[in-house]
Amino acid sequence: MSDGEDDLPLSTRARVAIAGNESDSDDDVPLSARVPGATTGKRKNMSNRNRPAHKRKSSDTEDDNSSDDKPIGSLVDISDRKSTTAGGSAKKKTKRADHEPWRAKRGAKQMWSTLEHNGVVFPPPYQAHGIPLVYDGHDVKLLPHEEEVATFFAVMKDTDYAQKDIFVKNFFDGFKKTLRGGPHGFIKDFKKCDFTKIYMWNLQERERKKSVSAEEKRKVKAEQAAAEEKYCWATIDGRRERVGNYKVEPPGLFRGRGEHPKMGRVKKRIMPEDIIINIGKGAKVPEPLPGHKWKQIIHNNTVTWLCGWNDTINTKDWKYVQFGATSSIKAESDIQKYEKARKLKLAVDAIRRDYFKKMKSGSVLEQQLAVTTYLVDKLALRAGGEKDDDLADTVGVCTLRVGHIDFLPPSTIKFDFLGKDSIRYLQEHEVDPLVFHAMQRFCKGKKKDQDIFDHIDPTKVNKHLQTLMPGLTIKVFRTYNASYTLNKLLKETTPAGDSTVPMKKAAYDAANKEVAVLCNHQKGVSKAHDAQMEKLQDKKKIIEKEIAALRRDKKDTNKAKIRTLKERLSKLELQMKMKDELKSVSLGTSKINYMDPRITIAWCKHNDVPPPTVYTKALVEKFNWAMEVEPDFDF
DNA sequence: ATCCTGGACTCAGAAAGATGTCC
DNA sequence: CGGACATCTTTCTGAGTCCAGGA
């Protein structure tokens, strides 16, 4: 493999690598140059070329060459950076925001006056196991920080990721960089690497952990919980509330969804030097790890996060520690979200009149605004912001391309595209003839990889929506659609008052399922699904045979037995039907994020169903704010 | 550019089911 | 032989994780 990575003096490289803070400079060699024909992105760059300039994102993204020296700037602690720079790197470090005094955004609202918290929990330091990598037939005992990266990969042998070329290549690039300048720099050929010994060690290790007695497991867990207890809580304006993700993500290999170009990259260990602490003035600043210091302490009371750091994969992204779902700050924004959706319910008729009018008589821009609003309204699609080429190629309504739809006259459109999380949206919808013809006009003369809605983007659509209803954005339609549908279905399908709670629950789940399908919330079909269905099928056959046998010898006493068997049979059949229908539908997402809990709670009260029947313990807590709703609440 | 919401996936533990044991 | 109970096995659930969006 040719890797011209000698752009930095060895001495500098070695120091940086050993410090575990190597730069992302493998990016200076384009992916395609390292492995021929490895560009698998379906979109590649061609569509960007065809795309109108205003829809293209940052033109000079050329992989992330430009970010080459930024990760160092943001990830290495100050003292280390100085020595690195002095060590001979010719690259200039640009001044970054972290050196400027923090300033609140213009017009930002104050979110708190006092804030206390205890910072974050770091993952435990790496414990070397000493198992060698086999290279070209010989054992190579790696240095701990090298071994750590090798182990990230070795333990993933059985996953789908490990079968993907991009994943392997990204990993190996990272691994080589880790080795470079050290005693094992000679490891340059992936084909000569054999990770089996480490893999086997890991299997044993997992067995060992599994075999620990339940008693011992409980004890360890309790001890850990006690040690972490103080990080679970923060105090905002005097209220003690739960923190959400107080644990720093451990290092590992990045697992992007779908065909993510960066999958397999090494996620570096986050250190205190990477982390900005946001806390009230005068509050006690949490202790960093011994011998370390925080990147910065700020007192920004216009935001709700407690700690933040740059993501190591997409270096311009940020990670934040925030309050938990049960906190008042989250509850308040939840309430606002659903209240906004209810306002949309009142405004939606006018909005529909508006888009039909503009479809007929507007400019092309207006027509595209009208049609996208129609799709968002009827199909609950997402916005679809423009994305860089270094992310998976997924789309929403504004980024739909000609190849994503088929026209099925007279007025049905088939959609087939990858949405958020690379989940496939494959649905056919009969649309209004006006919409059908407008979309045909937009597609006319365009190639498959060109944007259908070439005059607009989410910002424009949202600006337009604001003119129809203050605060209205595309995503509000999803909330509105989901809640409206649940509200309607529960009214229509809930069985009579004398039915059992399980029957009512079944009706609720069925309504929930409709909402999930509307929002295209899917889950992977479990690997065991087919086998499980077959097992149920066998069970069914056995019962049927038994019934047949009982029928053959016509004893009176058999009648009762047949009846119970038949009951079991119909129950089994229902179970099979539900299992198959729900195998790829995820109910949880809509329950957590889209269906107004007041609808559910009001329904519970109205039908004498205890809330824990439909909500987990965590959800009952999260939706505490909705518990006092009147039984006749109507969305 | 930043920050907050939304999303599928994972894995441990619980629940359910199957099988064994005893009376 | 059947039922109560114990134990082992499979399936389900949900809390946590960490990646992907929207604005």
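Letters A, B, ... are given to chains in the order of the sequence lines, protein chains preceding strands, and every chain is numbered from 1.
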Looking for any heavy atom pair under 4.0 Å, which part of the strands does A:K539 touch: base, sugar-phosphate only, or nothing? sugar-phosphate
My understanding is that only residues two or more places apart in sequence, or in another chain, count here; which of them pass side-chain hydrogen bond (donor to acceptor under 3.5 Å, both in side chains) with A:D530? none
Report which part of the nucleic acid A:K221 touches: base, sugar-phosphate, or nothing (heavy-atom distance under 4.0 Å, all strands). sugar-phosphate
Yes or no on salt bridge (Lys or Arg N to Asp or Glu O under 4.0 Å) for A:K330 and A:D334, after CA distance, side-chain angles and deciding distance? CA-CA 6 Å; A:K330 297 289 185 194; A:D334 233 21; over 6 Å; no
Could A:K262 and A:F254 be counted as a cation-pi pair, given that NZ or CZ must be under 6.0 Å from the ring centre and within 45° of the axis? no
According to a strict under-4.0 Å criterion, is A:R478 in side-chain N/O contact with OP1 or OP2 of B:dG7? yes
If only side-chain N and O atoms of A:N593 are considered, is one of them under 4.0 Å from the OP1 or OP2 phosphate oxygen of B:dT5? no
Check every strand shown and say whether A:G524 touches a base, only sugar-phosphate, or nothing at a heavy-atom separation below 4.0 Å. sugar-phosphate
Is the side chain of A:D421 donor-acceptor paired with the backbone N or O of A:R257 at a distance under 3.5 Å, no angle test? no
With nearest nucleotides of DNA chain B determined for A:K622 and A:V303 from heavy-atom distances, which residue corresponds to the more 5′ nucleotide? A:V303
Under 4.0 Å, heavy atoms only, any strand: does A:G256 hit a base, just the sugar-phosphate, or nothing? sugar-phosphate
At a heavy-atom distance below 4.0 Å, what parts of residues 320-337 of chain A sit against DNA chain B? A:Y320, A:Q322, A:K330, A:S333, A:K337
Dot-bracket for DNA chain B, 5' to 3', Watson-Crick and G-U pairs with both distances under 3.5 Å, [ ] for crossing pairs, | for partner on another strand, reads .||||||||||||||||||||||
Pairs under 3.5 angstrom, nitrogen or oxygen only, protein versus nucleotides 12-18 of chain C, please.
residue: C:dC12; atom: OP1; partner: A:K579; partner atom: NZ; Å: 3.1
residue: C:dC12; atom: OP2; partner: A:Q532; partner atom: OE1; Å: 3.4
residue: C:dC12; atom: OP2; partner: A:K579; partner atom: NZ; Å: 3.2
residue: C:dA15; atom: OP2; partner: A:T616; partner atom: OG1; Å: 3.1
residue: C:dT17; atom: OP1; partner: A:K247; partner atom: NZ; Å: 3.4

What pairs with A:L465 under side chain to side chain contact (heavy atoms under 4.5 Å, CB included), at least two apart in sequence or on another chain? A:T373, A:V461, A:N462, A:L468, A:L472, A:I474, A:F477
Near DNA chain C, counting only heavy atoms under 4.0 Å, which residues of residues 464-475 of chain A show up? A:T473, A:I474, A:K475
For A:G308, answer base if it contacts any base atom (sugar-phosphate contacts may also be present), sugar-phosphate if it contacts only those atoms, and nothing otherwise; contact means non-hydrogen atoms under 4.0 Å. nothing
Name the nucleic acid region contacted by A:T304, choosing base, sugar-phosphate or nothing; use a 4.0 angstrom heavy-atom cut-off, strictly under. sugar-phosphate
